[in-house]
Amino acid sequence: MSSRGYATGRVDGPVSPAQATTRPEDSVPERAHTDQAIVYVVDDEPSIRNSTKELVESVGLRVQTFATAQDFLGSERPDVPGCLVLDVRLPGLSGLDLQRELGRMNNPVPIIFITGHGDIPMTVKAMKAGAVDFLSKPFRPQDLLDAIAHALERDRGDRRQRSELAELRRRHESLTPREREVMAFLVKGMLNKQVAAELTMTEPTVKFHRAHVMQKMKAESMAELVRMAGKLMETVTEAGATWTSG
């Protein structure tokens, strides 16, 4: 069971008049209310789960709560932007354990840690592992909402990047083996006649393949094709593959 001890201004406590002068929804981007984003809350204390849920729902966001890390891992998450508000100390898998498990997945959800036991080493460990924020109790409700807004923007950016890379891979996979070879030489800055010499083909044939490469990759210029190749190279290199393979 997590140790509590919040003060005025905590998530489950009253908001002071000074805090009330700034509306919580002012810090949450408008698209957060319209793109079906979900905030996941994992905390073993029912009162904290409920108060956090009420706070986040007050700015128009959807919320799902869980009492344990295992419950969260066993749930089905819809394919929409989201973030995780996570207590560090939990029964069974700890918050840091859950962070490590999510880190092994292809699309880990951004994490905001909350704890009453935070210390510098724990904070550094969590942030180095990719946590978006680390809030120590007591904290202002607005601080949590600000952290959630930042985490959701980060997840949207990550999702957009994954979508763009997936589209680039689909385009590259539509190329024939010969077109991939031509593309690999072209993005190195080689001229058509140089590519022809490397692949033992005529220059008109290289031009023919080049036109198909530009069309299939939807590149409007050679500079854009080079940028696309760079993105493909980064992703497949991490997987230990070669993007020029057929």
Got [X] and [Y] here, is their nearest side-chain heavy-atom distance under 4.5 Å?
| X | Y | result |
| --- | --- | --- |
| Ile48 | Asp87 | no |
| Leu232 | Met217 | yes |
| Thr68 | Leu93 | no |
| Val109 | Arg77 | yes |
| Ile148 | Val59 | no |
| Val41 | Val63 | yes |
| Leu98 | Phe66 | no |
| Leu84 | Phe72 | yes |

What distance separates [X] [atom1] from [Y] [atom2], expressed to the nearest 0.5 Å?
| X | Y | atom1 | atom2 | value |
| --- | --- | --- | --- | --- |
| Gln215 | His212 | CD | NE2 | 6.5 Å |
| Leu152 | Arg159 | CG | CZ | 10.5 Å |
| Asp158 | Arg162 | CG | CZ | 6.0 Å |
| Lys218 | Leu225 | NZ | CG | 14.5 Å |
| Arg170 | Leu165 | CZ | CG | 10.5 Å |
| Cys83 | Ile112 | SG | CD1 | 4.5 Å |

Inset, instruction - Kindly indicate, with the supporting measurements, whether the criterion side chain to side chain contact (heavy atoms under 4.5 Å, CB included) is fulfilled by Gln70 and Leu73. - result: CA-CA 5 Å; Gln70 292 91 329; Leu73 288 173; 5.7 Å; no

Looking at residues at least two apart in the chain, or sitting in another chain, which of them share a side-chain hydrogen bond (donor to acceptor under 3.5 Å, both in side chains) with [X]?
| X | answer |
| --- | --- |
| Asp97 | Ser94, Arg100 |
| Ser174 | none |
| Asp133 | none |
| Asp143 | Arg140 |

Legend entry - Leu55 and Leu144: CA distance, side-chain angles, deciding distance, side chain to side chain contact (heavy atoms under 4.5 Å, CB included) verdict: CA-CA 9 Å; Leu55 172 67; Leu144 177 59; 4.0 Å; yes

Inset, instruction - Run the salt-bridge test on Arg169 and Glu173 with the 4.0 Å N-O cut-off and return the result as yes or no. - result: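 Here Arg169 does not pair with Glu173 in a salt bridge, since their nearest N and O are not under 4.0 Å apart.
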
Legend entry - Salt bridge Glu224-Arg227, side-chain N to carboxylate O under 4.0 Å: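 Result for this pair is no, no salt bridge flagged.
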
Legend entry - Under 3.5 Å side-chain donor-acceptor pair for Glu54 and Asn50: no

Nearest heavy-atom neighbours spanning [X] and [Y]:
| X | Y | value |
| --- | --- | --- |
| Val132 | Pro110 | CG2-CB, 3.6 Å |
| Ala37 | Arg156 | CB-NH2, 4.1 Å |
| Met183 | Ala229 | CE-CB, 4.1 Å |
| Pro78 | Tyr40 | CD-OH, 3.6 Å |
| Asp43 | Leu90 | CA-CD2, 3.9 Å |
| His172 | Arg180 | O-NE, 3.4 Å |

Inset, instruction - Identify whether Val195 and Val226 are in the same connected component of the hydrophobic contact network (ILVMFWY, side-chain heavy atoms under 4.5 Å). - result: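 Yes, because Val195 and Val226 connect within a single hydrophobic cluster, where side-chain heavy atoms sit under 4.5 Å apart.
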
Inset, instruction - Could you pull out all residues at least two apart from Glu101 that satisfy salt bridge (Lys or Arg N to Asp or Glu O under 4.0 Å)? - result: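 Counting only residues at least two positions away or on another chain, Glu101 forms a salt bridge (Lys or Arg N to Asp or Glu O under 4.0 Å) with Arg104.
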
Inset, instruction - Please test Thr176 against Lys216 for side chain to side chain contact (heavy atoms under 4.5 Å, CB included), starting from the C-alpha separation and ending with a verdict. - result: CA-CA 10 Å; Thr176 66; Lys216 290 182 178 180; 4.1 Å; yes

Legend entry - For His209, all residues meeting side chain to side chain contact (heavy atoms under 4.5 Å, CB included), sequence neighbours excluded: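 By the side chain to side chain contact (heavy atoms under 4.5 Å, CB included) rule, His209 matches Arg178, Glu179, Val182, Met201, Thr205.
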
Inset, instruction - Please lay out, stage by stage, how Met222 and Met214 fare under the test side chain to side chain contact (heavy atoms under 4.5 Å, CB included). - result: CA-CA 8 Å; Met222 184 53 60; Met214 298 295 285; 4.2 Å; yes

